[in-house]
Every structure is written in structure tokens, then in C-alpha cells.
Amino acid sequence: MDWLDWVLLAARVVLVFGALIVSVMLAVWAERKIVADMQTRLGPRRAGPFGMLITLADGIKLFFKEGITPTQVERPVYILAPVLSLVPAFLAFAVVPFGAGVELFGRRVPFQLADLNIGILWVLAMGSLAVYGVVLAGWSSGSAYPLLGGIRSSAQMISYEIGIALGVVAVLMYSGTMRMSEIVAAQDRIWNIVPQFPAFLIFVTAALAETNRPPFDLPEAETELVAGYFTEYSGIRFAMFYLAEYIHTITVAAVAVTLFLGGWRGPVFDFLPWLWPLLWFVLKVVALIFVFVWVRATIPRFRYDRLMSFGWKVLIPWGLVWVLATGAIVVLPEEIGRDALVRWVAIGAGVTLLLSLIAPLLTRGRAGTRP
Amino acid sequence: MAEAIPRDIEGAEVGRGTTAQRLRDDLMVVNMGPQHPSTHGVLRLLLTLDGETVVDLKPIVGYLHTGIEKNTEYRTWQQGVTFVTRADYLSPFFNELAYCLSVERLLGIEAPPRAMAIRVLVCELNRIASHLVWLATSGLELGAISMMLYGFRERERLLDIFELVSGLRMNHAYIRIGGLVMDLPEGAEDQIRAYLKELPHRFDEYENLLTGNPIWRERNRGVGILDAATAESLGVTGPLLRAAGVGRDLRKDEPCSGYERYEFDVPTRTEADCFARYEVRVAEMRESVKICEQVLDSLPGGPVMIEDPKLRWPARLSVGPDGIGNDEAYVRHIMEDSMEALINHFKLVTQGIRVPAGEVYTPVESPRGELGYYVVSDGGIRPYRVRMRDPSFCNLPALPVMARGRLMADVVAAVASADPVMGGVDR
């Protein structure tokens, strides 16, 4: 790498950082507008055209507000927690390819910050680190509601992390790589959502829970826990949690697009050929975020214990089953011809056995035997 | 970190002795309210939590005390209406109705038939409005945020009707001793009729949104159970009692203001949980629509205020360019034409009417249950005592029963299903 590479990398880092901040701004505005429309309200409309600058105005307000630190807090942790929440949210986006790339100064510039060979693991790792911010915020606030929110979210995020991982593992087995750019490349003929639809459902459901979005917004269930883990936060520290949450949402949507919806793939036209993939990518992310918002406007909130039992008794078992099925799908074509019949029967029997073991668990989870 | 305050259920500190006591040290006491998003205003719930399980719940009231009951003792009988209407601010017409019926019984008079019919009409519209607020807020509390807006949207239309009829959106003081302050304005009947046609479709929409929703069912079914025997022994009334299978409804059992003339059912369920209360309330709204339609179909003519000049409120109201106010013709009449009319007006307005000594208790079926007014007169120009039996307050003791041993999230559902209005609780 010469100096030009470094400059280009730095430029991309700054661009992605800025784009994420701006997209959070737009996402918050869009969410408020969409939900308002679904609820026959007008939503924000004063700041800027169509109220688009409302988030900016809110951000500036929060920045200049007094950051009140309650007396009961564990100070260093209390101050560190929002940062711990924000940093992984940004970092996770580093491995997401958001375009096909462009030729600049005679060299190829990929639209991706770091094409790690363990790209997916990086996303999972950053998702797990984000839990620390939430838990420590809840614990260090020295107050009952944040503590409950923190406990809830640690349990919830860890549980649903497994759900996400299972969805990812299926894709990983199907694509045969952990590198994000290669996963996109592997979807040149057909998007993963078609052969991997169950994995897509599992991933998106778990991702909604992972990002604390409704109907899984238990850690901050405002009608129960006031504001959950960030009840005691104000000013810019509160804004950081808010920002982290939305960046997390955008990242999760971007990862889902990369894994299942063909990433930046889409028809490319002659005019500005580098722009089209970027456009398709953004459109797909926006579409997914719209679905998230739609869900929020429609569905009531889960109860905490039901949420956990849904995660452990429905999502994870089905994730496991699907991983097994994916294994069969991947391996069988190679194996066929060599004692094909025997293997088919053996795997079929295995799946049936597993299903029969899990089935009672599932029905019990759904029928709700809890009083 | 948050200190787990070692206290026992009664709130006293626990010594560090036996194992049982040490186990209790893990209990956490949390104040839910008076400033909390889902305690219906300023209800304070003292929760004793074991993890997320509720060990005990104590409702604490008094944060919205307004002194309405006491104030009525220092005002004339007619002024009482404007006080009591503010107590349970989600069902103002019922407060006015119960108060006026009580005073009318002491006076030994009865409102004209047209006034009685319109009273039923506005009360039933009020029941729908109140239940809509309940539907909206309990939807919000369980995370169905859109329901919040839909419920309030419909209620807004009803408030428009109230405004058209009485001049005010809330705290109407429309029902007065001896009748109504004024007749329905022109066009009100058509507007109400048109809206009554629309309402059932709206209810269908909300039921589509909620009734079959698995999360909504799961959050409400089997939650906040209050069986009939417990409910009756606690003095719980209204939808809570009817959801437990007891078909007690004062509109049927002790009809007032001509309720016996209209045909309607009293919806009951037997599950006694939050979902049953939801079903009961939605069904009640549909029944209320039926009652309102019958009232409009059989609306008698005639005056809306008794004729006795010694009792009837002398002033007349009319709609002017800036809304409802004193009728100009009447003001001219007392100021320029008739000295006797002015004297009569002055006496009745400043001194008030005299009510024969005695005491009555008049209950009506408010949206939340039995709303009773115990009114005592010593024969003077002011009430000796006006005591309200407010269903919001009397239903509160059910909360600990519904919440104990359940999760914290169920407390929210249970409180929502009890539908307390703090204005009525604290008065």
C-alpha cells in the first residue's frame, strides 16, 4: 500500500462515518414520518423541507442540554457506557460492501472499508460487544428501572445473538465463505433469500430483537421501565445511545441485505456505472428499514418471558433444523451417485428424528402452558 | 449500583436473621409512578419485586387531590354541577347525571322527558368516548402504539359532538338540576346519527387490529385474573365485574333517567382476565351505539328544563358569533323590561335554591362501574355533604390481587384493564 491507498482508505472511512450519521438522521425522520402516516398524524414538518432536519435540531438541542449525572451512579462506567454502545455500532459497518467499487487513479477502490476474511464473524462480534454498553449503562445508573432494563437486555441480546448466528451460519455454509464481498459475489445468479428463506426469517426476527426494536423493545419498554437502561441519561450521552441504536438498526439491515438480498447487486446501466450498485444497496436497506418501521406501527410488545421462550424454544431450534437442512442441501449434490440412496435415507431419518424430538418443545412453547 | 433495599412487604426494614429473611433481602422495591408513562396520570404503585416477579403491589393515591367534594359544601346547589363534572374527567356527563339526580330526588322533582332522553344520549356517547380512551391507552401500554392514535381520533369526533351540544369538550356542566342547560342545537341530531353509523365500522377495524393478534391475546389472556367472588368482596364494579361473569349493570338493575325504555344487552364474559375486559368494553361500546340510536329514534319533544321558576336556573344560553354564551334577548329582558325577572334572576343566581333536608344515595353505571353520589342536605342553600363513590377508587384494591405473583409487564396490563381515572380517585 502506498500513500494514495491510505488517503483513499481514510476518505472512505470519513465518508462512511458521515454517511452513517446522515442516514441515522434520515432514518429517524423517515421513521417518524412513516409511523405518523400510518397513525393518521402529520409527524415532524417544521424543521427543513418536510421536517427532514428535525433530527438535526433534536441533536443540537441534546448536545447543548445539561448532562445531568445522578448522585448514585458509578461515574467512570456511567460515562463510558454510551461510548461502549456507540463504537461497536460504527465498527460493525466496516465490513459491509455497499457498492461494486470504482476505478480511481488507475486502481480499483472497493466500496467497503475492510474486506476481512472473517467478515461475518466481525459483525457478530461487534453485535455482542454492543451488549456491554447497555448492561453497564443499566448497572452503573444506580436506579431500579435501568437495572431491570439492563438485565432484560443482556438476556435478550445474548439469546438472540444465537438466533442471528444460526441464520448467518446457514448462509455461510451455503456460500462457502465468510468474506462479505464473496458472499455478494456468490449471489450473482440468485439471491440467497430464495434458497435460504427460513434463514432470512430467522435472521431478521433475531435482528429486530438484537437491535431492541419493537416488538422486542423490552429493555426500554417505556410503559414498563420508563426508558429502560438509559432512563438516567440525559443530554449528549442520551443522544449517543439513540444514535447507537439507529446505527445498529441500519447496520443490521445492511448485513441482511448483503447476506440475503444480493448486496449491491442489481441492473447496471451505462450512465455512471459505479453509482447503480450503491443505489440498489441503499434502496434495499431502505426497504428493509421500512419493514422494521411498519412492524413497529402494527404489533404490540412481547412480554419478557414470552420473548425469551420464543427465542429459545422457537427461533433457535428452527435455526438448528435449518442449518442441518442447509448442510444436506450443500453436501448431497456432491455425494449423490455414491451410495446416494443410503445417504438420503440416513439424513432423512436424522432430520425426522430431530424434528420429532423438537416438535413437542415447539408446540409447548407456542401453546403457552405458562399460567 | 442500585441498592436492593431490604424491606418486607409492609415496607419495614428486614433484619438480617433467618434464611427466609435473607432471601427477602433480594427483593427490590420500585416506585412505579406517580410520574411513570403507564400509571394513568399520577397513580403511584409501590412494587416489591423479586427479579421481575411482583411480590406485592400497593396503590398509593392522593397526588391529584382537588378538594372537589369539600368545595361543593361551600357553593350553591347549582354550582355543584360545575365541580363534580371535573372529578372523573373522562366521564363528566355521568358525574353530572348522578349529582343532578340526587338533588332532584331531594327536591322531589323529575326532569322533563326530553331532558331525560338527551341525558341518556350524551351519557352513552360519553361511555363510548371513555372506552375509546381506555382502548387507546391500554393499546399504547402494551406497545400497540397505533391504537393510541386511532382511539383518540374517534374520541376527538365525539368531543366535537359534545362541543356542539354543550359548548365544551370536557367539563360540560350540561346536565343541570331539573333538566339540561339547553336543548340540542340544530344539526346535532344529524351529526350524531351520521357518526353512530360510522362507529361500528371503526370498532370492527380495531378488533381486526387487536382481537386476533397473537401478541395482544398472549399479553391479555390469563393476565390480571380477578374472579367474581373476590371482585364482589372487594366492591369492584363495572367491566371488571362483568368480565368475571357477574352481569351487574345499574342501567338494568336500578335504571335511572329512563334507561328502562331502551333495549340493550349487558355483555359479560367468564374468563375474568384482561382479555375478557377488553371484549366486554368493546361489546359495551357497540351496545351504547344501539342505545344512542334508539334515543334518537324516540326523542320526545317538549322543554328540557322544569318550568318551576323558583327552581329552574333563570339564565338562558344561545349560540353567538363567538360560541355559546348568555342569550342577548334574555339579558335585555331582565335588564330593560322586567324588574321582577331581574330580582328573580339575582336571587337564584347569587343565593341559589333551597333543597329540603334529607339524604339520598344515587348510583349510576359509569364507564368504570358504579358511580354513586351520597348527597346530604340540611335544608340550606348549600349541600351539607356531597360524597362520591367513585368506581376508579373502589376498583383500585383489585390491583394487588391481579398483580401478585405475576410479572412486572402484567402489572401494566392489569392496571390498564382496571382503567382508573385519577381525577375520580382523588377528587
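Just so it is clear: chains get the letters A, B, ... in the order the sequence lines come, proteins before strands, and each one is counted from 1.
A cation-pi contact, defined as under 6.0 Å to the ring centre and within 45° of the axis, links B/R221 to B/F275.
From B/L158, atom CG reaches atom CG of B/L199 across 6.0 Å, with rounding to the nearest 0.5 Å.
For B/V223, the part lying under 4.5 angstrom from a heavy atom of chain A is the side chain only. In this structure, chain A has no heavy atom under 4.5 Å from any part of B/I225. With a 4.5 angstrom heavy-atom cutoff, A/V35 touches chain B only via side-chain atoms.
When the shell of 6.0 Å around CZ of A/R45 is examined, it contains 12 or fewer heavy atoms from other residues, nucleotides or ligands.
Aromatic ring orientation, A/F241 versus A/Y233: perpendicular (interplanar angle above 60°, classes split at 30° and 60°).
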